[in-house]
Amino acid sequence: MVPGSAAYGLDGSDTIALQDEKIIWVGVQAELPQEYSKASALDLEGRLVTPGLIDCHTHLVFGGHRAREFEMRLNGASYEEIARAGGGIVSTVTATRAASQSELVAQALPRLYTLIAEGITTVEIKSGYGLDAEVELRMLRAARHLGDLRDVTVQTTFLGAHAEPPEFSGQGDAYIDEVCIPTLRAAHGEGLVDAVDAFCEGIAFSPEQVARVFEVASELGLPVKIHAEQLSNLGGAKLAAGYGALSADHIEYLDAPGVAAMAVTGTVAVILPGAFYTLRETQRPPIDLLREHAVPMAVATDANPGSSPMTSLLLAMNMASTLFRMTPEEALAGATRNAALALGLTDRGMIAPGMRADLAVWDVETPAELVYRIGFNPLHSRIFGGQP
Ligand code: DI6
Ligand code: FE
């Protein structure tokens with residue numbers, strides 16, 4: 001039981017009863033059912049309690065870093081120019097292929113710990129820096145292993161369609177058919193895939209190529225999501241919505257037909273301000289249009305070594321508000337309830353009976369106070385599956 005706290009999203013409620021891994025009751029302390037009154041209690045002294053935060057879009061497992069590219073961009077090179085010159089994602093592929101599974105885990109752990117320290121209880125981790133069967137599987141195994149090592153739920157996403165590897169340069173179709181799709185089948189066979197993602201972009205894969213991957217995902221019964229409309233509008237979000245996608249992510253260049261298609265399927269718009277900031281983009285995602293169509297919006301770090309070297313979901317929330325004018329309530333829903341939807345998880349992201357007892361306790365009074373600071377972590381404590 002957690003009395004004396006202000007539960008986010010539940011007007012006036014101040015007490016949460018937990019049993020094992022679940023929330024079993026939420027309400028005001030005076031109405032606490034008799035049967036729970038003898039349970040051990042944790043007094044949170046009026047602190048804000050939110051669902052444990054959920055980072056629904058990360059590339060947390062990778063080898064090396066890309067600080068040199070950061071310097072190149074400061075000298076005027078663009079993200080796309082660097083990618084086309086063989087840098088970018090492909091340079092991380094080289095470093096990732098050179099790392100063993102335990103090295104990948106060791107390099108990812110400090111990043112994961114930084115997220116956990118901010119109250120994250122569920123994190124999605126994508127493959128996509130192996131781009132061959134062996135290393136894509138290694139990345140997914142490393143991601144799963146991280147979830148065994150720390151008190152956090154890891155959801156794995158297969159992102160074989162992230163970039164053409166050097167050995168298939170200019171042969172995207174062959175890569176999709178000969179490597180990406182067989183690797184997806186193998187990873188699924190090992191139980192390593194919770195969802196399937198693809199990067200639909202001029203520097204990555206065409207809508208037709210992405211559709212081929214999504215056909216196989218559907219055949220395997222796996223949900224899909226997409227990196228779409230980040231640098232240009234290829235209609236990727238609409239394509240993904242046609243496959244009932246859980247989410248379309250980035251979407252700075254998303255147009256009205258794309259928003260409408262997402263609204264029909266309930267596809268979540270995942271807003272990634274870290275990449276927008278890092279690449280100094282100017283085209284903002286169509287937040288007003290998403291609101292008008294009641295498309296759920298999530299916010300995530302996109303933690304990756306190139307376009308978003310960021311491991312702070314609180315900072316992503318702050319940026320979503322400051323850069324894109326999302327309200328603090330929207331930013332918080334984006335890191336909890338809607339982030340759960342973006343992962344297809346119906347048992348978390350809200351404080352309600354039956355939900356997992358994943359909670360974050362904050363030394364603040366309101367969501368606005370949580371979102372407005374920059375570079376400050378007010379986490380008081382974290383409860384994961386009912387365990388403080
Ligand atoms: N979009 C992104 O923001 C990341 N992947 C993608 O498709 C960037 C990955 C990287 O630059 O390493
Ligand atoms: Fe990404």
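Each ligand, and each atom within it, is numbered from 1 in the order the structure gives.
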Check whether [X] reaches the backbone of [Y] with its side chain - one donor and one acceptor, N or O, closer than 3.5 Å.
X	Y	result
Gln107	Gly64	yes
Gln230	Glu201	no
Ser37	Gln34	yes

Which ligand 1 atoms are under 4.0 Å away from a heavy-atom of [X]?
X	answer
Gly306	11 (O), 12 (O)
Arg66	10 (C), 11 (O), 12 (O)
Gln230	1 (N), 2 (C), 3 (O)

For [atom], which candidate among [options] provides the closest heavy atom?
atom	options	value
atom 3 (O) of ligand 1	Ser307, Ala198, Gly128	Ser307
atom 11 (O) of ligand 1	Tyr79, Phe62, Phe199, Tyr129	Tyr79
atom 5 (N) of ligand 1	His57, Glu201, His162	His162

>> Once you restrict to heavy atoms under 4.0 Å, what part of Asp302 touches ligand 1? Side chain, backbone, both or neither.
In response: side chain

> Does any N or O atom in Thr92 lie less than 3.5 angstrom from one in ligand 1, N or O only?
Replying inline: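 Looking only at distances, the answer is no, because the N/O contact criterion of under 3.5 Å is not met.
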
>> Tell me whether Arg356 forms a cation-pi arrangement with Phe384, defined as NZ or CZ under 6.0 Å from the six-membered ring centre and within 45 degrees of its axis.
In response: yes

>> With rounding to 10 degrees, what does the angle His59:NE2 / the Fe ion (ligand 2) / His227:NE2 come to?
In response: 100°

> Can you name the N/O/S atom of Asp302 that is nearest the Fe ion (ligand 2)?
Replying inline: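 Result for Asp302 and the Fe ion (ligand 2): OD1.
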
> In His57, which N, O or S atom comes closest to the Fe ion (ligand 2)?
Replying inline: NE2

Side-chain donor-acceptor pair under 3.5 Å between [X] and [Y], yes or no?
X	Y	result
Gln155	Thr122	no
Glu208	Ser206	yes
Lys126	Thr157	no
His227	Asp249	no

> Closest non-hydrogen protein atom to atom 6 (C) of ligand 1, residue and atom name please, with distance?
Replying inline: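 Looking at atom 6 (C) of ligand 1, the protein heavy atom closest to it is His227 CD2, 3.2 Å.
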
